Amino acid sequence: MKDVAQLARLMQGNEAIVEGALAAGLRFFAGYPITPSTEISELLAERLPLYGGKFIQMEDEMASMAAIIGASLAGLKSLTATSGPGFSLKQENIGFASMAEVPCVVVNVQRHGPSTGMPTAPAQGDVMQARWGTHGDHAIIALCPASVQESYSLTVEAFNLSEKYRVPVILLTDEVIGHMRERVVLPQPGAMKVIDRKKPPTGLEKYYPYQPGEDGVPSVANFCENYRFHVTGLAHDESGFPTTNPEVVEKLINRLNDKIMEHVDDIVLSESWLTKDAEIIIVAYGAVSRSAKKTVKEARAAGLKVGLFRPITIWPFPEKEIAALSRQAHTIIVPEMNLGQLKLEVERVTSGRSKVIGVNKVNGELITPGEILDAIIKL
Amino acid sequence: MAYNFKEVMNKKERLAPGHRMCAGCGGTIAVRNILRGLRDEDKAVITGATSCLEVSTFMYPYTAWNDSFIHNAFENAAATCSGVQTAYEVLKKKGKIDGTYKFIAFGGDGGTYDIGLQSLSAAMERNHDMVYVCYDNAAYMNTGIQRSSATPLYADTTTTPAGKLSNGKPQSRKDLAAIIAAHDVPYVAQTTLYKNFKDMHKKAEKAIYTPGAAFLNVMAPCPRGWRYETDDIMEICRLAVETCYWPLFEVIDGKWILNYKPKTKLPVEEFLKPQGRFKHLFKKGNEQLIEHAQAEVDKRWDALLDKCGEYSQGMIKKKEAI
């Protein structure tokens with residue numbers, strides 16, 4: 001057994017994602033260079049062959065997303081990584097992965113936008129895109145790391161959730177976390193739980209790939225193993241064949257939503273810090289939550305009862321937790337590097353019980369602890 | 001018109017100095033020389049795909065472009081240029097625009113060979129009166145030297161790293177000029193920074209003033225990605241031509257024309273050697289890799305000679321074998 005000191009390393013956020021992905025069993029990566037996510041591609045180009053895995057550089061982001069869908073259906077845990085403009089291009093295939101229930105993980109290292117924006121500057125402008133970027137009703141999972149350590153652990157979690165629920169999982173990080181270097185302690189090899197997708201029983205006379213189990217998740221076989229079956233982005237029945245039967249389609253779309261929404265307790269992760277007696281709660285995620293922590297310390301030192309709630313899973317949104325906090329806090333402050341995207345959700349869930357105030361910045365700079373504190377002082 | 005080097009070089013710069021491209025970059029030299037193909041009295045609208053050229057030539061509040069410029073994301077240069085050019089035609093016909101405008105799109109190899117290929121192909125097929133110039137430095141240099149489908153066999157890039165398990169890029173490069181020629185557009189040419197720029201200048205003039213769609217593939221070395229001394233750029237380009245790694249040719253209305261045939265074809269080794277990206281090929285035991293690279297060049301050169309109606313030793317041999 002290695003001791004902690006041996007497992008401690010100075011690492012970049014993007015590098016930690018690579019390590020986490022490999023620990024979770026990643027064996028296929030398809031990507032396309034885009035700042036500020038490129039290190040993930042470059043490192044996996046070096047590392048995957050050492051694991052007997054495969055790195056492919058594709059011709060664009062659409063192709064990268066399509067390739068990981070193909071590789072996942074063939075049975076390999078698959079990943080792609082991108083940023084704003086590339087995330088936009090991936091949306092069609094993210095919808096396909098939702099509809100065809102293909103486990104896969106998409107890293108979006110958020111940068112300033114819209115369009116090319118500021119490629120090397122951080123932002124959190126893709127929060128709603130992560131939720132609704134592809135057309136049609138669908139449930140999705142998105143996780144937001146706030147440290148290099150968490151970039152590692154949430155990548156493992158992203159793969160686990162993706163395998164368990166057969167859904168694309170977005171690791172929604174940002175340029176600050178992606179490029180920041182800090183000390184991480186990697187878990188002992190094998191210490192993190194790794195979930196693999198369930199497989200259908202062999203020897204079935206009639207195999208229905210999209211027949212859901214009790215958890216609402218089907219056991220889709222891997223290509224080239226046991227069964228011949230069809231996969232499509234068209235609305236389909238349990239056999240996988242297209243249908244326009246309203247009853248069947250209604251059931252399908254509801255199931256795609258329910259298999260996530262009925263398991264929010266299993267999926268949603270969050271951190272509460274000094275919230276017990278807090279009258280003012282800061283709801284912050286990703287890089288901004290680090291500033292918010294400092295704000296809480298400063299506010300506490302000034303005698304103000306301020307706490308931090310950090311959604312780690314932002315989709316599905318931690319509704320129960322926020323609703324509970326809105327019953328205790330008179331004010332909820334939502335600092336974001338966008339014009340108030342997650343604030344909309346906080347407002348919806350708090351139903352007017354608390355005052356919800358946004359602290360917003362869209363100039364490519366991180367929100368400072370002082371800026372959040374100013375909002376508290378102004379109350 | 002005879003080519004007068006001094007006269008051409010003394011034309012007013014349309015890409016002004018002060019931009020922030022690297023010293024020894026082939027991209028800017030290519031762009032300046034392509035733009036010298038424009039007549040002084042004509043104006044232009046330039047479209048730029050995401051690239052080093054785009055990020056380094058207009059930085060608020062400065063621009064190096066003396067013509068109007070539009071940058072659109074990576075894959076969109078040819079399509080965006082199509083829209084501008086079509087609207088110009090409509091407005092020109094209505095008498096609402098004075099003067100003559102030309103439409104030139106610049107993309108790197110990533111934005112052209114890869115993500116932008118669909119948009120380029122469609123613009124060529126619609127035969128817009130525009131020129132698409134690919135400044136081909138054979139990798140994604142703007143994001144830090146990742147391979148593209150223009151990257152040559154065995155080149156070391158950050159996504160095809162040469163090391164214990166890899167000899168660099170395992171695939172050879174896509175022949176983009178041939179792909180565009182297959183669109184049967186009026187003018188396609190391949191050129192590079194060769195000697196006194198006569199080849200590039202003539203091709204730029206033809207591309208700009210031939211009605212309909214034109215495509216120029218310009219090899220534009222990158223000192224960061226290719227790892228050569230910045231002042232060696234012209235020599236690198238010369239070696240690319242003399243080894244037949246980067247032949248100079250034109251395809252005019254479907255007819256292939258070879259513009260230069262070296263008296264003595266140099267071994268490709270001469271082109272590879274001064275470049276750090278091929279350093280691993282010169283390690284002991286890797287001799288066969290250089291042989292592969294040579295075979296690749298020979299095969300393509302032979303095919304080109306055949307297309308251009310020339311006759312090479314290789315072809316004779318092949319025909320004799322049959």
Side-chain angles (χ1 to χ4, degrees), chain A residues 12 14-15 18 29-67 80-90 109 111-121 178-179 363-364, chain B residues 48-52 54-56 58-60 70-77 80 107-121 139-151 155-171 173-174 176 179 225:
Chain A
Q12 191 195 48
N14 283 345
E15 193 183 351
V18 166
F29 179 94
Y32 189 71
I34 185 163
T35 308
S37 76
T38 309
E39 295 83 5
I40 299 171
S41 281
E42 290 177 346
L43 287 166
L44 282 169
E46 274 183 26
R47 304 267 283 141
L48 265 174
L50 306 174
Y51 286 72
K54 191 82 189 165
F55 164 93
I56 307 187
Q57 189 181 310
M58 300 299 290
E59 69 274 26
D60 59 34
E61 285 93 349
M62 288 173 275
S64 311
M65 191 63 214
T80 187
T82 191
S83 185
F87 194 51
S88 294
L89 290 177
K90 287 184 194 293
V109 188
R111 71 187 217 188
H112 187 269
S115 190
T116 310
M118 289 190 277
T120 54
H179 279 165
N363 63 359
Chain B
T50 300
S51 65
C52 289
E54 165 265 311
V55 297
S56 306
F58 67 104
M59 297 175 101
Y60 180 81
I70 175 169
H71 158 235
N72 197 348
F74 228 171
E75 70 278 23
N76 302 306
T80 308
D109 49 289
T112 308
Y113 282 69
D114 292 346
I115 190 168
L117 185 62
Q118 174 172 303
S119 135
L120 170 61
S121 169
Y140 291 81
M141 302 313 186
N142 193 29
T143 44
I145 320 163
Q146 293 84 27
R147 63 90 91 185
S148 76
S149 57
T151 304
D156 177 33
T157 73
T158 54
T159 50
T160 55
K164 269 184 237 157
L165 297 177
S166 151
N167 294 316
K169 190 188 174 205
Q171 303 89 1
R173 54 175 283 272
K174 197 187 264 183
L176 185 62
I179 292 170

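Proteins get letters first, then strands, A, B, ... in listed order; numbering begins at 1 in each. Remember, it's a predicted structure, so these values are computed and weren't measured experimentally.
Here the closest non-hydrogen pair linking B:Gly110 and A:Tyr32 is O-OH, 3.8 Å. Scanning both residues, A:Gln57 and B:Tyr140, for their nearest heavy atoms gives NE2-CE1, 3.3 Å.
With a 4.5 Å cut-off on non-hydrogen atoms, B:Tyr113 does not touch chain A at all. The contact between A:Thr116 and chain B is made entirely by side chain atoms (from C-beta outward), counting heavy-atom distances below 4.5 Å. Residue B:Ser149 does not touch chain A at all, counting heavy-atom pairs closer than 4.5 Å.
In this structure, the separation between OG1 on B:Thr158 and CG on A:Leu43 is 9.5 Å, given to the nearest 0.5 Å. Note that the CD1 atom of A:Ile34 and the CG atom of B:Asn142 stand 10.5 Å from one another [nearest 0.5 Å].
The greatest number of non-hydrogen atom pairs below 4.5 Å with chain A, out of B:Asp114, B:Ile115, B:Thr50, is found for B:Ile115.
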Side-chain donor-acceptor pairs under 3.5 Å in residues 81-89 of chain A, sequence neighbours left out?
residue, atom, partner, partner atom, Å
A:Ser83, OG, A:Val109, O, 2.6
A:Ser88, OG, A:Gly84, O, 3.4
A:Ser88, OG, A:Gln129, NE2, 3.1

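Partners of A:Glu42 by salt bridge (Lys or Arg N to Asp or Glu O under 4.0 Å), not counting sequence neighbours: none found.
The side-chain heavy atoms of A:Asp60 and B:Glu75, taken from C-beta on, include no pair separated by under 4.5 Å.
Within 6.0 Å of atom NZ in A:Lys54, 12 or fewer heavy atoms from other residues, nucleotides or ligands are found, so the atom counts as exposed in its surroundings.
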